[in-house]
Amino acid sequence: PIFGIGYSTELAGEDMADFARHKLGVSNVAVISAVDEWSELISGAFVTRFHASGKVDLHERVATDASDLRAIITKIKLL
């Protein structure tokens, strides 16, 4: 037998989308995610699930070593 313990990334993204939409009552979101395999999976699942009942106004991807997010924050403020 083979056993593994790990994140169910897509399910975690979907759960976060459901929580934001239905528990917090958020109807519009902006998503900032890192450009790496794990972040792409989880943010993609979040965006897809949230888009089914709400609006994703912006989905920006940033390098994992990015430290200056001011331009993205400004974009979000202007939405």
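From a predicted model like this one, the values you see are computed outputs, not experimental measurements.
- The ring-ring contact (aromatic ring centres under 6.0 Å, His included) pairs that include a residue from residues 50-79 are F46-F50, where partners are two or more places apart or lie in different chains.
- The stretch residues 39-48 participates, sequence neighbours left out, in these salt bridge (Lys or Arg N to Asp or Glu O under 4.0 Å) pairs: E40-R61.
- Residues V31 and S43 share a closest heavy-atom pair of CG1-CB, 4.3 Å.
- In terms of the side-chain hydrogen bond (donor to acceptor under 3.5 Å, both in side chains) criterion, residue partners of D57 (sequence neighbours excluded) are, by chain and number, N28, K55.
- Taking Ile, Leu, Val, Met, Phe, Trp and Tyr as members and joining any whose side-chain heavy atoms lie under 4.5 Å apart, directly or through other members, V35 forms no hydrophobic cluster with any other residue.
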Checklist line | Worked check of side-chain contact (heavy atoms from CB on, under 4.5 Å) between E10 and L41 | finding: CA-CA 6 Å; E10 290 88 354; L41 284 172; 3.3 Å; yes

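- Note: the hydrophobic cluster containing V47 does not contain L58 (ILVMFWY, side chain heavy atoms under 4.5 Å, direct or indirect links).
- Residues forming a side-chain hydrogen bond (donor to acceptor under 3.5 Å, both in side chains) with D65 (at least two apart in sequence, or on another chain): none.
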Please tabulate, for the side chains in residues 72-79, all donor-acceptor contacts under 3.5 angstrom to protein atoms that are two or more places apart in sequence or on a different chain.
from, atom 1, to, atom 2, distance (Å)
T74, OG1, R70, O, 2.9
K75, NZ, E60, OE2, 2.7

Next item on the list: For side-chain contact (heavy atoms from CB on, under 4.5 Å), just list the numbers for I32 and V62, CA-CA rounded to whole Å, side-chain angles, deciding distance to a tenth of an Å, and then say yes or no.
Entry: CA-CA 7 Å; I32 302 172; V62 298; 4.3 Å; yes

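- Judged as a salt bridge (charged side-chain N to carboxylate O under 4.0 Å, His left out), and not counting sequence neighbours, K23 has no contacts.
- Take T64 and apply the side chain to side chain contact (heavy atoms under 4.5 Å, CB included) test, not counting sequence neighbours, and it matches A34, D36.
- Residues meeting the salt bridge (charged side-chain N to carboxylate O under 4.0 Å, His left out) test with R21, sequence neighbours left out: none.
- Both L24 and V56 belong to a single network of hydrophobic side chains, linked directly or stepwise wherever heavy atoms of I, L, V, M, F, W or Y lie under 4.5 Å apart.
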